[in-house]
2 protein chains.
Amino acid sequence: MTEQTTQRPPGLRERKKLKAMRHIQQVALDLFDRDGYAHVTIERMAAEAEVSPSSIYRYFGTKEMVVLWDEYDPIMLQAFDDRLRAKDPISALRDVLTEVVTTAMFEQDEEFLRRRMSYAMEEPSIRAAMSRQADETAVDLRRTIAKHTGRDPDGLELRVVTVALIAAFMEAIAYWHETGFRDPLQDIVAGALDVIERGLRVS
Amino acid sequence: MTEQTTQRPPGLRERKKLKAMRHIQQVALDLFDRDGYAHVTIERMAAEAEVSPSSIYRYFGTKEMVVLWDEYDPIMLQAFDDRLRAKDPISALRDVLTEVVTTAMFEQDEEFLRRRMSYAMEEPSIRAAMSRQADETAVDLRRTIAKHTGRDPDGLELRVVTVALIAAFMEAIAYWHETGFRDPLQDIVAGALDVIERGLRVS
DNA sequence: CCGGGAACTGCGAGCTACTCTCAGTTGACC
DNA sequence: GGTCAACTGAGAGTAGCTCGCAGTTCCCGG
């Protein structure tokens, strides 16, 4: 995510921070379930998680990011970059979005992911923050594609292709949520990408 | 936009309100130009426009909407609905987005539109609000399409098609802005929709 | 093993976007 | 022209978010 990943073995400091962040996120979601997102203040989250409000802002930046934050993004970008050597961009992205992401997500805790996504879809402010994040991801994505294929990273075509794919991915998540998480996310994502890839024959 | 449009000849009340909104928007943009979006408070806008802060919130809801608000949205939906009787959804949307919208927009004041779009693209919070608006438009859009074609309004395919088209449209605006408004918006929008319609042959 | 410096934490004060309520006013309609 | 609904402005209050400061904890070179 635009930011330089310090490629040094994580020390005690960083491990403590990550642990604290996961704990805060856990506690926050429990509070949201009880009282609703809007009625839980940062202050209460801080009290319940036994940290100071300042720390929550330092960790997450905004209240929305307490829900949205996770550790997948750099993993996904890396996986995409790797596959780009052997495959064309679309196939690589399909693979990453359908396989890598979903399996990486589910490794941790599928139920937890569903809870987070429910809030992300139902709370407009969180949804907006997610769009914003997606925009940044889209920029990284097309830079990476441009690097590997020599295409113009700022050309209209590449830009449109990228945002369309990201939008399809996000809509797949929305669909997953609205159908009560009935079908596997992988299948829905695959279906959504199919629609984009084959072009629009709707009538 | 989801809301019931009162189809009654606009009285003095409504005309005054619209006039006031346009005036506030004008004044606000001037202040933004001078001091930057973040440094202009609602209070200063209110003082400068000679209304109360309460009124600005009643009119626009949020600070971002002072920039984003305009009168095109219902016009666009109506135009789309009309064309849908004679054409397939994609062509109708192409027509509306490329012709109707751009001409309707330019009728008023192209320079003013550019200034608004500059803030919409450069201020992250405004951009997020714009995504949110686009989401709502997408819902209206696919409901309208479903009504005319009998397709499932909540099916994955229609959903993905719609958000992809909207995303392409927004990216066209972003591209227009980043290239210094060099080429006509119509052409860029047309190009963006082409990319989506023909499907993804990038490699 | 340790000492200096960097990074992180908690605290407090402060700003402003946004909400709600209430009293007063203005336009709509008969 | 009078009544009622809708709109306006004022004021108080909430909470997200920022900033600067003092104290603490970890990192790292010697």
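Below, chains carry the letters A, B, ... as their sequence lines are ordered, and counting in each starts from 1. Given the structure is predicted, the values throughout are model-derived calculations rather than measurements.
Rounding to the nearest 0.5 angstrom, the gap separating the OG1 atom in A:T137 from the CG atom in A:D73 is 4.5 Å. If you take CG on A:L93 and CD1 on A:I145, they are separated by 6.5 Å, rounding to the nearest 0.5 Å. Summarising the geometry, atom CD1 belonging to A:I166 is positioned 11.5 Å from atom CZ belonging to A:R142; distances are rounded to the nearest 0.5 Å.
The NE2 atom of B:H39 sits 13 Å away from the P atom of D:dT18 (whole-angstrom rounding). Spacing between atom CD of A:E14 and atom P of C:dC8 amounts to 9 Å, rounded to whole angstrom units. Taking atom CE of residue B:M45 and atom P of nucleotide C:dT16, one finds them 14 Å apart after rounding to whole Å.
Heavy-atom minimum distance, B:A129 versus B:E64: CB-CB, 3.8 Å.
Of the candidate nucleotides C:dG10, C:dT9, D:dG9, C:dT9 has the atom lying nearest to any side-chain atom of A:Y59. Nearest to the side chain of A:K16, among D:dG9, D:dT25, C:dG10, sits D:dT25.
Using a 4.5 Å cut-off on side-chain heavy atoms (C-beta onward), A:L158 and A:D152 make no contact.
Between B:R143 and B:D81 there is no salt bridge, since no side-chain nitrogen of the basic residue lies less than 4.0 Å from a carboxylate oxygen of the acidic one. Using a 4.0 Å cut-off between charged nitrogen and carboxylate oxygen, A:E178 and B:R159 count as a salt-bridge pair.
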Please tabulate, one pair per line, all N/O donor-acceptor pairs under 3.5 Å involving side-chain atoms of residues 21-30 of chain A, not counting sequence neighbours.
| from | atom 1 | to | atom 2 | distance (Å) |
| --- | --- | --- | --- | --- |
| A:R22 | NH1 | A:E71 | OE1 | 3.1 |
| A:R22 | NH1 | A:E71 | OE2 | 2.8 |
| A:Q25 | NE2 | A:V66 | O | 3.1 |
| A:Q25 | NE2 | A:V67 | O | 3.3 |
| A:Q25 | NE2 | A:W69 | O | 2.8 |
| A:D30 | OD1 | A:R115 | NH2 | 2.9 |

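A:F60 comes within 4.0 angstrom of nothing in the nucleic acid, heavy atoms only.
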Where do N or O atoms of nucleotides 3-6 of chain D meet protein N or O atoms at under 3.5 Å, pair by pair?
| from | atom 1 | to | atom 2 | distance (Å) |
| --- | --- | --- | --- | --- |
| D:dA6 | N3 | B:R13 | NH2 | 3.3 |

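When the side-chain nitrogen and oxygen atoms of B:K17 are compared with OP1 and OP2 of D:dC7, none of them lie within a distance under 4.0 Å.
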Protein heavy-atom contacts under 4.0 Å, written 5' to 3' over nucleotides 17-23 of chain C as B (base), S (sugar-phosphate only) or - (none), form the string SBB----
